[in-house]
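The block underneath contains the structure these notes are about, expressed in structure tokens.
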2 protein chains.
Amino acid sequence: MTVTLADVAARAQVSPATVSRVLNGNYPVAATTRERVLRAVDELDYVLNGPASALAAATSDLVGILVNDIADPFFGIMASAIQSEIGGPGGRAGGERLAVVCNTGGSPERELTYLTLLQRQRAAAVVLTGGAVEDAPHAAAVASKLRKLADAGTKVVLCGRPPAPDTGAIALTFDNRGGGRELTEHLIGLGHRRLGYIAGPEERTTTRHRLEGHRAALEAHGIEEDARWTVYGRYDRQSGYEATLELLRRDPSLTAVVAANDSVALGACAALRDSGLRIPDDVSVAGFDDLPFSIDAVPSLTTVRLPLAEAGARAGRIAMGREEAPPGGIATIRGELMVRGSSGGPRG
Amino acid sequence: MTVTLADVAARAQVSPATVSRVLNGNYPVAATTRERVLRAVDELDYVLNGPASALAAATSDLVGILVNDIADPFFGIMASAIQSEIGGPGGRAGGERLAVVCNTGGSPERELTYLTLLQRQRAAAVVLTGGAVEDAPHAAAVASKLRKLADAGTKVVLCGRPPAPDTGAIALTFDNRGGGRELTEHLIGLGHRRLGYIAGPEERTTTRHRLEGHRAALEAHGIEEDARWTVYGRYDRQSGYEATLELLRRDPSLTAVVAANDSVALGACAALRDSGLRIPDDVSVAGFDDLPFSIDAVPSLTTVRLPLAEAGARAGRIAMGREEAPPGGIATIRGELMVRGSSGGPRG
DNA sequence: AGCGTCACAGCAAGCGCTTTCTATGTCATA
DNA sequence: TATGACATAGAAAGCGCTTGCTGTGACGCT
């Protein structure tokens, strides 16, 4: 039924070995023979059997990309960049690799299961994007999995994720703390003294780091934080909306709201508007990430730009061995403060 | 070095066959034996060799999802929904399947290459999302590929894509024409008579269908279209920005701008604002898709909501054989007009 | 008591490919 | 002309798993 290497070999009047060599192009084959084989391949419409070849060669051309939420452009942009460097079809790299994007939905179990699945497929490389969960047992489980992958020859790269010591994984980490600090300092510089903070899910490293930066800025300027000023939520618009209403309820005198990311910030803007407050006249708003839509908000969003595409591309190249790993296997990528219309001096 | 089935078998004092059966659970194995095997698996930290198993069983648990642009939430949302039904880790389905998202970047060649790669991996199913390219040779090549995939037992589902006759592919198509028409009729109903249209890439089916709907509405209301009122571009914000400036240059008296999708519409809004025009007082704007950010635009965007998540979920279920295919293998999914702040009566 | 049934477990034959090693013909060199 | 050296091609041994078929006791039945 299905055409095999042997069929091609028969048709081209050569041995299967020769066909394999033509297809893999890593062994001298006379031009005329090669052409004959290629013609047979074409005529029979032969397609290599991936599993068989992976089994025999003990390698695979699968590259896994783990993301928390594929519907979120934050991850989409990174995944896209990673993939373009993986050299899937059309990429620069020679060999065709199948870049597979796996959506963990932020669930630790799924993350682990996907890693196992990739291990099972003997993936050539794995790139994990986005923050990690701080749950100790899970972190240990992931670390052990990563070590096993690395030991089995799979290249492991973390993109926008804190380093995983002793796992052999290369880490490109975002400086969430520094960005958070810079952002809040900008607001403080404008004169704000009462700032609400809408954090992401409490157990995520990204959440904690950004919040730490925010608090560091407050502290550096002698602003004592009110416990009511922080609300935890999810990394989405709705969460931002609800959290903002909650903040307003807790302390209507807030003059600025700092959000965990841009989506949350947009939700915050909507809530403020719905509460009859003007941005930035009454309340300033700041986001994080600088996703494409942030510039289209009205007023456009003050935020911290993370070079997602660049980081992804670099992660992809490292995963493919086309770029050297940073010294120590760890690189910190800084964000850039983007001051736009959503932030201004406090009212009055 | 690496642990194999045989190692587990030796440790559990059973034959490899038994271990395989325990792992696949499709053959009676005594409870005590099973437990012994499972313990050995655990102790040895055994991970099945995917390629070997796929080769021997002549099936794979890979499911491919093709998207045009993974950084675009339009595709991200569908991919996410498809994947959740595929039953990757955490999904409802029992068997663990690896859902792989492939980013074609809208390139026909890449699309074809990815299909071949998936064919090579003997994918269990393939879901193609988004519009197709209208280039005849390419369409034929894709159709032939789809037929081969279907013949080889791979389930092929099109989600948000026009049907591919005689390929055995199930199609869930968006009613882009109907949506486009409804949208423009809404604007005409408001009193607009001079409407600019910012189309997507000319060679895409989605572009053509939406534009056809727009024109049908114009015609139905006896509005003669000016050739200057249509500009082609890409499906992104920047394209919308530039196209709007171009439209304004060509005919400053336009009172409404209809965009190929929401991202383009946002770009249009930005261009209008930068040109000193108010929305909708001076010019109304309409988008398409109703992506999450559209409601956050100021004013919020009038658009056509496409049930991306629902369609994706359905496509996923069909691909898994957990839902029956629609009669005739084709279902048309309608959009819903969402009237919001960006559209109003023409000035004056 | 004799024998068919049933529930398990093992044997062994591949699945379709890669790759090492070996064979063969062709040259250039001595 | 004899002889390496070299360029190619083939034979064959797996890669690690699945599965059809073949045992083999333990049971229940007449």
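Basis for what follows: all heavy atoms, side chains included, without hydrogens, waters or symmetry-related copies.
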> Which pair of non-hydrogen atoms, one from B/Thr167 and one from B/Ala150, has the smallest distance, and what is that distance?
Replying inline: O-CB, 3.5 Å
> Is there any side chain to side chain donor-acceptor pair (under 3.5 Å) pair reaching into residues 21-31 of chain B, and which pairs are they, with sequence neighbours excluded?
Replying inline: B/Ser20-B/Asn24
> Are any of the side-chain nitrogens in B/Asp45 or A/Lys148 under 4.0 Å away from the carboxylate oxygens of its partner?
Replying inline: yes
> For DNA chain C, what residues of residues 27-37 of chain B have any heavy atom nearer than 4.0 Å?
Replying inline: B/Tyr27, B/Pro28, B/Val29, B/Ala30, B/Thr33
> Is any side-chain N or O of A/Ser15 closer than 4.0 Å to OP1 or OP2 of D/dA9?
Replying inline: no
> Within the structure shown, what part of the strands sits under 4.0 Å from A/Ala58 by heavy-atom distance: base, sugar-phosphate, or nothing?
Replying inline: nothing
> Which angle, rounded to 10°, do you find between the first-five-pair axis and the last-five-pair axis of the helix from C/dA1-D/dT30 to C/dA30-D/dT1?
Replying inline: 40°
> Are B/Leu98 and A/Cys102 side-chain neighbours, meaning at least one heavy-atom pair lies under 4.5 Å?
Replying inline: yes
> Earliest and latest nucleotide of DNA chain C, 5' to 3', sitting under 4.0 Å from a non-hydrogen atom of chain B?
Replying inline: C/dC8 to C/dG16
> So do A/Glu203 and A/Asp135 actually touch side chain to side chain, heavy atoms under 4.5 Å?
Replying inline: no
>> Which residues pass the side-chain contact (heavy atoms from CB on, under 4.5 Å) test with B/Pro326, not counting sequence neighbours?
In response: B/Ile170, B/Leu172, B/Arg314, B/Ile318, B/Ala331
> Pairs in or reaching into residues 32-43 of chain A: which pass side chain to side chain donor-acceptor pair (under 3.5 Å), with residues at least two apart or in two chains?
Replying inline: A/Arg11-A/Glu43
>> Can you confirm whether the side chains of A/Ser15 and A/Thr18 place a donor and an acceptor under 3.5 Å from each other?
In response: yes
>> If you define the side chain from C-beta out and look only at heavy atoms, does anything of B/Tyr46 sit under 4.5 Å from B/Asp7?
In response: no
> Expressed in angstrom and rounded to an integer, what is the separation of A/Arg21 atom CZ from D/dG10 atom C1'?
Replying inline: 8 Å
> What closest approach, in Å, do B/Asp69 and B/Asn103 show between heavy atoms, and which atom pair accounts for it?
Replying inline: CA-OD1, 3.3 Å
